[in-house]
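Data block below; observations after.
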Amino acid sequence: GENVEQHPSTLSVQEGDSAVIKCTYSDSASNYFPWYKQELGKRPQLIIDIRSNVGEKKDQRIAVTLNKTAKHFSLHITETQPEDSAVYFCAASKKTSYDKVIFGPGTSLSVIP
Amino acid sequence: DAGVTQSPTHLIKTRGQQVTLRCSPISGHKSVSWYQQVLGQGPQFIFQYYEKEERGRGNFPDRFSARQFPNYSSELNVNALLLGDSALYLCASSWDRPAYEQYFGPGTRLTVT
């Protein structure tokens, strides 16, 4: 069935360093890949997304890359700050007669000041 | 500009009871999806409603049901509650289809005792 895997499950970096989170998906028909940030006790917030016709997208310190052939996509955060500490979820979906968004299990990122 | 709202914020129920959770989407959004998020895991898709019709259902038992009203607000009902139903229930809305730019509400924390 549809599945999204995410690695690592936990990630600890020093402030100012870069963080990379990787995801793989199983359904080759998936064509939309959002990333969400969830701080403790708060709602998931969409931080960046990419569609299948694009290989890379960047928004300030955040970038996402997509390799459709290998069915994997990654989140890159540069110049990390303590406020980047949160759980990050990748997700995949496809536009069919109905739309189901499949989430990965999450990565807990800690940025050490 | 109001975001997605959900009520109640917290809820405590006993096994066997029934519960109704409510969601109001962002103004202009026609699609509402419901997710269950167990502590430490990613959101799991329960239902998607678009233009007041059920368009998708995840792997949840028939005890879970939902509906969408003419004003696009939605209710999630869970009958015969089990301890395992304890979770954060998230509602997400999008303008068109949830495959693109989906925004989450703050969630309802359900505890079943």
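Basis for what follows: all heavy atoms, side chains included, without hydrogens, waters or symmetry-related copies. Proteins come first, then strands; the chains are lettered A, B, ... in the order of their sequence lines, and each starts at number 1.
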Discussion item. Looking only at the aromatic ring of each residue, does the gap between the centers of Phe104(B) and Tyr36(A) stay below 6.0 angstrom?
Written reply: yes
Worksheet item: Should the heavy atoms of other residues, nucleotides or ligands under 6.0 Å from CD1 of Ile112(A) be counted, would the total exceed 12?
Response: yes
Are [Y] and [X] connected into the same hydrophobic cluster when the rule is that any two of I, L, V, M, F, W, Y join if their side-chain heavy atoms are below 4.5 Å apart?
X	Y	answer
Val32(B)	Trp95(B)	no
Tyr89(B)	Phe45(B)	no
Val20(A)	Tyr88(A)	no
Phe47(B)	Leu90(B)	no
Ile77(A)	Phe33(A)	yes

Worksheet entry | Interchain contact, Pro44(A) with chain B, by part (heavy-atom threshold 4.5 Å) | both
Fill in: Heavy-atom proximity to chain B below 4.5 Å, by part of Gln45(A)
neither
Worksheet item: In terms of heavy-atom proximity below 4.5 Å to chain A, should Gln37(B) be classed as side chain, backbone, both, or neither?
Response: side chain
Worksheet, complete the sentence: Residues Leu46(A) and Gln102(B): closest non-hydrogen pair is CB-O, 4.3 Å
Worksheet, complete the sentence: Value for CD (Gln38(A)) from CG (Leu88(B)), rounded to nearest 0.5 Å, stands at 7.0 Å
Practice prompt. Please round to the nearest 0.5 Å and tell me the distance separating atom CZ of Phe103(A) and atom OH of Tyr35(B).
Written response: 5.0 Å
